[in-house]
Peer 1: 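Have a look at this one before I ask anything.
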There are 2 protein chains.
Amino acid sequence: MEKYQIDSLDRRIIEELQRDARKPFLDIARKCQVAGGTIHQRIEKLKEKGVITGSKITIDHKKLGYGVEVLLGIHLVNAKVVSKVVKKLEKFPEVVQSLYTTGNYALFVKVVTKDIDHFHNFLVKKLQAIEEIRSTESFICLETPIDRELQV
Amino acid sequence: MEKYQIDSLDRRIIEELQRDARKPFLDIARKCQVAGGTIHQRIEKLKEKGVITGSKITIDHKKLGYGVEVLLGIHLVNAKVVSKVVKKLEKFPEVVQSLYTTGNYALFVKVVTKDIDHFHNFLVKKLQAIEEIRSTESFICLETPIDRELQV
DNA sequence: ATTGAAATCATTAGCGA
DNA sequence: TCGCTAATGATTTCAAT
């Protein structure tokens with residue numbers, strides 16, 4: 001993985017698009033005092049180099065009836081089975097993220113569920129049914145006071 | 001927080017925009033066999049109702065020289081000081097996320113740093129300098145095999 | 001990096017189911 | 001209420017400089 005050296009224009013473009021991925025290139029161009037085509041070219045290059053990997057809209061899960069978000073620390077019976085477990089986790093739509101980590105847990109998993117019943121059901125019927133999982137610890141997310149992008 | 005009832009067209013629009021926030025409305029319209037203006041109207045409504053809260057590009061931190069991502073579990077001296085701690089954490093650009101959680105830790109924090117030295121420095125000079133923090137546990141993120149959006 | 005032109009898109013209004 | 005069509009202005013994209 002080689003590093004890509006960006007300049008201050010790239011930096012400003014990334015900043016703007018982190019705030020709003022749909023911001024018109026011409027808006028950014030006017031703000032940065034360059035031509036619209038320049039912004040277009042820079043973004044193409046950032047994508048080509050793999051710096052910008054995509055874009056997504058952000059959704060308020062609660063508005064769609066998904067009110068319970070939980071971070072789970074997972075202990076496995078054996079460290080070798082991690083990828084097997086991840087393959088099983090992938091099949092559950094409740095799982096939105098998984099992280100291999102060093103330290104006390106083999107992995108962390110983030111799940112989004114409708115309510116506590118739904119979460120409980122997920123935990124017992126789906127997660128604890130995976131035989132490679134020895135035990136889990138649940139950290140229910142009450143609030144996310146900071147959620148932002150890396151300042152580049 | 002009232003729930004907003006979406007239909008299958010809303011669902012498809014959200015799906016498409018989660019994959020690519022910049023996808024032209026007309027593309028989505030053709031895929032869904034409706035007029036472009038319809039997609040526009042639906043998206044406006046989803047924004048107005050607070051379902052869609054924004055959009056952002058995704059960046060490969062490693063490509064910009066930020067190679068070490070760490071999840072930190074934090075124990076406080078006293079649960080009452082949580083918001084004070086978050087205010088201090090906000091000032092550190094390395095912190096990209098913080099979560100209040102139930103259970104063993106008062107909060108989790110995700111930090112992005114250039115390398116282990118940078119992380120170590122952050123931990124000792126910044127995080128452990130916060131007097132309300134009793135102790136921390138570091139979970140270095142080795143890989144993120146699952147990272148996706150809620151299927152609505 | 002800029003310009004300028006062509007193609008495509010976003011946005012709005014009025015109409016109709 | 002919701003989706004459609006059509007018109008306008010803005011944006012994206014690309015080739016040439």
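Below, chains carry the letters A, B, ... as their sequence lines are ordered, and counting in each starts from 1.
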Peer 1: Do other residues, nucleotides or ligands put more than 12 heavy atoms under 6.0 Å from the NE2 atom of H120(B)?
Peer 2: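 Open.
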Peer 1: Checking contacts here: which listed nucleotide (dT2(C), dC4(D), dT11(D)) is nearest the side-chain heavy atoms of L26(A)?
Peer 2: dT11(D)
Peer 1: Strictly below 4.0 Å: does H40(A) bring a side-chain N or O up to OP1 or OP2 of dT12(D)?
Peer 2: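 The answer is no; no side-chain N or O of H40(A) sits under 4.0 Å from OP1 or OP2.
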Peer 1: Assess whether atom NZ of K126(B) is packed by more than 12 heavy atoms of other residues, nucleotides or ligands within 6.0 Å.
Peer 2: yes
Peer 1: Rounded to the nearest Å, what distance is computed from the CG atom of residue L9(A) to the P atom of nucleotide dT2(C)?
Peer 2: 9 Å
Peer 1: Looking at K23(B), I'd like to know whether one of its side-chain N or O atoms comes within less than 4.0 Å of OP1 or OP2 on dC9(C).
Peer 2: no
Peer 1: Report the residue (Q33(A) or E44(B)) whose heavy-atom-nearest nucleotide on DNA chain C is the more 5′ of the two.
Peer 2: Q33(A)
Peer 1: Could you tell me the separation between the CG atom of L46(B) and the P atom of dC2(D), rounded to a whole number of Å?
Peer 2: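 Interatomic distance, CG of L46(B) to P of dC2(D): 11 Å.
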Peer 1: Whole Å only: how far is the CZ atom of R30(A) from the C1' atom of dA10(D)?
Peer 2: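 Nearest whole value for this atom pair: 9 Å.
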Peer 1: Whole angstroms only, please: what is the CD1-C1' distance between I39(B) and dT5(D)?
Peer 2: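 Taking CD1 of I39(B) and C1' of dT5(D), I get 15 Å after rounding.
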Peer 1: When the distance from CD of Q5(B) to C1' of dT1(D) is rounded to whole Å, what number comes out?
Peer 2: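 Roughly 16 Å, once rounded to whole Å.
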Peer 1: Are R22(B) and dC9(C) close enough that a side-chain N or O sits under 4.0 Å from OP1 or OP2?
Peer 2: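 Checking R22(B) against dC9(C): no side-chain N or O falls below 4.0 Å of OP1 or OP2.
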Peer 1: Whole-Å distance between dT5(D) P and F25(B) CZ?
Peer 2: 18 Å
Peer 1: Using OP1 and OP2 only, check whether a side-chain N or O of R42(B) sits under 4.0 Å from dC2(D).
Peer 2: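 The answer is no; no side-chain N or O of R42(B) sits under 4.0 Å from OP1 or OP2.
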Peer 1: Looking at dT12(D), dA10(C), dT2(C), which one has an atom nearest to any side-chain atom of A35(A)?
Peer 2: dT2(C)
Peer 1: Nearest whole angstrom, please: distance from the P of dT11(D) to the NZ of K31(A).
Peer 2: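 K31(A) atom NZ is separated from dT11(D) atom P by 14 Å.
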Peer 1: Using whole Å, report how far CG of D27(B) lies from P of dT12(D).
Peer 2: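 Roughly 14 Å, once rounded to whole Å.
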Peer 1: Among dT2(C), dT11(C), dT12(D), which is the nearest nucleotide to the side chain of P24(A)?
Peer 2: dT12(D)
Peer 1: Side chain of Q41(A), heavy atoms from C-beta onward: which of dG3(D), dT3(C), dA1(C) has the nearest atom to it?
Peer 2: dA1(C)
Peer 1: Verify side chain to side chain contact (heavy atoms under 4.5 Å, CB included) between K114(B) and V68(B), making sure each step is shown before the conclusion.
Peer 2: CA-CA 6 Å; K114(B) 290 182 186 169; V68(B) 174; over 6 Å; no
Peer 1: Tell me which one of E149(B), R148(B), R19(B), R22(B) satisfies side-chain contact (heavy atoms from CB on, under 4.5 Å) with K56(A).
Peer 2: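 It is E149(B), the one option of E149(B), R148(B), R19(B), R22(B) that forms the side-chain contact (heavy atoms from CB on, under 4.5 Å) with K56(A).
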Peer 1: For the pair F122(B) and F92(B), name the ring-plane relationship: parallel under 30°, tilted 30 to 60°, perpendicular over 60°.
Peer 2: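 Ring orientation, 0 to 90° scale: perpendicular.
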